[in-house]
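Here's the structure we're looking at; comments come further down.
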Amino acid sequence: MTLLHPWVLLLLPLPWICSRFCWRLAPATLFPDPELLKRSAGHPLLSTRLLHRLVYALVLLVLADPVTRHGVTVTERPAYRIALLLDDSRSMEEDQRFTRAKAAMERFILARPDDALALGIFADYATVASPLTRDHTGLLGVLHRLETGMAGGRETALYEALWRGADLLEDERSRRGFVVLITDGLDTVGNLPLSVALERLEKRGIRVYAVGVGDDYRRDVLQRIARETGGAFYAVSNPEALPKILEQIDSREKSPLEEKRLQRYTHYDTWPIAAASILTLFLLWRSRQDRRELLRATILLSLLGSSLWLVPDSQSPPPEGKKAPPTLGIALDLSRSMEAKDCPPNRLSRAIHDTEILLKALPPDLSVSLLGFARQPYLIAPPTRDRERLIFLLRHLDPSAIDREGTAYPALIDHLIGSMESNRSGADSKEAALIVGDGGEAESYRESERKAKRAGLRLYGLAMATERGAPVPTPDGLMKDERGRLVLSRLNPAFVSLIDATGGTLLRCPTTKDELNSFAGEIARYLGTGGNEIQRDDHTRHILLWIAVSIMLIPATRWKKPSLLYPLPATRYPLALLFLCTLPIYAYSPSDSWHLHRAESAAKSGECNASLFHYRQIEASDDRILYNRANLLYRLGEYRKAASLYRQIEAPALQHARYHNLGNCMIRLGKPATALRYYRAALKFADDPDTRTNLAIAADQLKKIQKRQSRKALGSSDRRPGSGEGISEWEREELPDETKLKEAESMDRKHRANLAARSEARRSRIEKSATDREKNGTAGGNEELPSVAMRHWRKKMEGGRLRTLLLPIETEGEHDVPKPW
Amino acid sequence: VVNLTQPSHRLEAKLVYACGGTMAYGSIRPKHETAVELLTLLAGIAEAAHDRIEAMLYDDETPRWLSSRRSRRIAENLYHTLAEHDPFKRRVTPRRCVDSLLEELPRRSLLYLLGDFLEPWDLEELSARHEVVLLMVRDPGEEHPNLRGSQRILDPVTGQTREMEIDPTALRGYKTERYRLDREFSLRLRKWGIPWRRIGTDEDPVDALAQLLRREAL
């Protein structure tokens, strides 16, 4: 057992020092018979003074943090992100291909419980059925509701589907994302060249497992997709074999278990603090006749308790079972009345716009599901954190295909309650939903109110209507009633009371972004997300304890009255002050945080060696620390060591800087060819002008080396080496020695061979794409696919004719609770 | 004073004030203040009755007689002298005080003895030679001290401070001991036939003195 902060024990004589030297700070108490008082004191071992000193010592022991260290090996399997793309054309109905593919996908989804999956379908166009989600129940619900012809049905937008598949996933250069494509045909839409889609997939490092069903697909195209993205192609003549194929893909893409060695501490601070509490209780019992003492002891014990038990212990094992993250259901009214224009330009457009702002303002760790409702509720997206995809779905929302007459608020609330109950993470978890709409036409929602209250569901409302109301446009003019009178749609007061009754807040037709942001903040606060939780570690816990002890040392009563913990009237203030003064030392005591602080401040003041020393003391390994260490080594001129550290960095956010700095190291090490490769890799992550400049410098250096090399080759035949004739002095110094030259030569040869191989590959690709274009009769997509062209395709894909899927949610009756997703 | 208490004898009245450092203490007001009031009152009464009276301010270092036998306005002089006197850091040793009185007062006198008598005095010999009346000036704070925890206690006799831990046990012990000492002393006083009265700093000295003199007159 060791003490993490043994120096704290140096504070043990502090009370004695205070009692010895701080007497003059306070007046003494006159008493006529001190001798008799002294004679009357009890046993010295049980004296209050001794017991108080003991409590003080125990508290110091807690602050010194007695621990034992254990090395722990943790195994974990990194999660994958998978996009499932399913051909939705009518041809998939043949041999029940679509149904079997759905069944195979279901098994696949169930086999990967730890991974995030997304679902896309394609026919006349490619669309998102579900953004990336970990809610597999919701995803299966979407999958079950899929039918052929939902995205058209006559064509097969295969290449567009690949484009959208790349969109569904994130940056997958960590090799943790892939696409499973199931199709039975060839691309018949031709709105996008295959090379463009492949370039996009390649850039994002996404592998495609192409599964061709039946006989009508183009084998060479699917093979090429699989080959160029690093995936695999599977031909399935009988759709019954689809589950086996997906099982193969599943087994192929299982990540190995990763072992991590961690240093874990077992803290023993509970024992001394328990002893201190017992002693305090004993002192309390002894002074039970004094109410002030009682009050002080209560304050003391509550401070100790709050320091130890209320502040979570970071070393304590996590609670058993995963707690589901909070989920917010957003329901969008799609009924005809949402065409009214009292919230300009009209209610629906405004609702979509405001929901977009809300989605952006909500904390990123909050999962959001999206629903639409008119006569019946529709599922737009199961719970997901992929805000970009949700916004994409909102923007392509087209309610014209559904029955928009009437609004099914009771059915919607039943569905919300059902889905929330299935997602509920615990008895004390908070559930909320946001309804964006005009409130419908019903006179009362009392039954729904009652149900929501009983289920503990809080409803928030974003009212997209005014009390004054507005006429509702229809294709035949403005909406009129049976008598031919103009119908005015107003904000339904029953909706307002429904929101109020559940404890939520109603925001009426917001005009500013700030209103929506604060509304999102309110929802997030209720759900307990959005970074309100402070991550405290043991150090913070002890700092709080430190402050608690300091407060305890200061008595709550008058000057002449003593305190309980350390009742020295003359010394308590200086003691408390001195104790508190040591807090900064404790806060920055030689822990990781202290070393980090010292390392950063030393780096700022240019003391690289000192900074490096402190970085090396930090036990926790973090990419940013590695990066900083590498930077310091670079500044110290140790380029090889710096490069080896840069190579260990895996954090995606640091990849550009990592490759850029690796390039710099290589330049310094006289390896411009390698530096060129690193700079090009860096440019893939970010288009940085500095990287471009360095790239040009590296290219220049490489040329110079080549030139010198050729000059030397000439010189070796004409002149004696090292004569310096014809070469200036500084140039001679720059000339690399024989071994370096040999290295440069071999590097150059490799580089040239690489260049030749890549240009050959590019040429063959261009030729193939040209063949594809000719065969498909499409235009567009040049051989280099520069960023301008990519932007063009991106714009084209964003403005495509796709529609968001509105998957109807079955309700058996107004009061029946539908099955959760 | 003399006629009221001993009408058959024409004794000289002597006021002896044992003014140690402990008389400087008082949680309500200093015991010294109460003692000064009592002495002035007694002197005033004697002066009004044309009785012969003398006052002695006693401490171990400088015991002194404050008034001559023939002096007029004795009460006023006594008051001014005592009010200016600071009892702090003065010590009264009971034995020395008694010996001094026995030596200085050869004739039988009526002796009014004032002090706090925190430690018991041996007055057997003195009561045999003189008519002694004892006025015990006390403060509630010294019988029931309101002290807790670690305290820096100032000793009024020596003027030194000392750090002391006053826990409830110590307080209980002190109270018991104080009660025992006072009880023993009162029993001895009864045995010696010395009339006495405890006068607190929270009491009115006039009332207390009137009660005492009335009781003694009866």
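Because the structure is a prediction, the values reported are computed rather than measured. Lettering of chains follows the sequences in order, A, B, ..., and the numbering in each one begins at 1.
- With rounding to the nearest 0.5 angstrom, the CG atom of B/Asp155 is 11.0 Å from the NZ atom of A/Lys38.
- The shortest side-chain heavy-atom distance between A/Asp33 and B/Tyr25 does not fall under the 4.5 Å cut-off.
- Shortest non-hydrogen contact noted between A/Pro32 and B/Leu118 is CB-CD1, 3.8 Å.
- For the pair A/Thr29/B/Leu154, no side-chain contact is recorded, criterion being any heavy-atom separation below 4.5 Å from C-beta on.
- Residues B/Pro156 and A/Phe31 approach most closely at CD-O, 3.1 Å, considering heavy atoms.
- Within 6.0 Å of atom CZ in B/Arg29, more than 12 heavy atoms from other residues, nucleotides or ligands are found, so the atom counts as buried in its surroundings.
- Near-neighbour residues of residues 175-189 of chain B relative to chain A, defined by a heavy atom under 4.5 Å from a heavy atom of that chain, comprise B/Glu177, B/Arg178, B/Leu181.
- To the nearest 0.5 Å, atom CG of residue A/Leu30 and atom CD of residue B/Glu142 are 10.5 Å apart.
- Annotation for B/Tyr79: atom OH does not count as buried by contact number, only 12 or fewer foreign heavy atoms lying within 6.0 Å.
- Counting non-hydrogen atoms of neighbouring residues, nucleotides and ligands closer than 6.0 angstrom, the CZ atom of B/Arg91 reaches no more than 12 such neighbours.
- In this structure, B/Glu124 places its CD atom where only 12 or fewer heavy-atom neighbours from other residues, nucleotides or ligands lie under 6.0 Å away.
- Summarising the local packing, CD of B/Glu143 is surrounded by more than 12 heavy atoms from other residues, nucleotides or ligands at distances under 6.0 Å.
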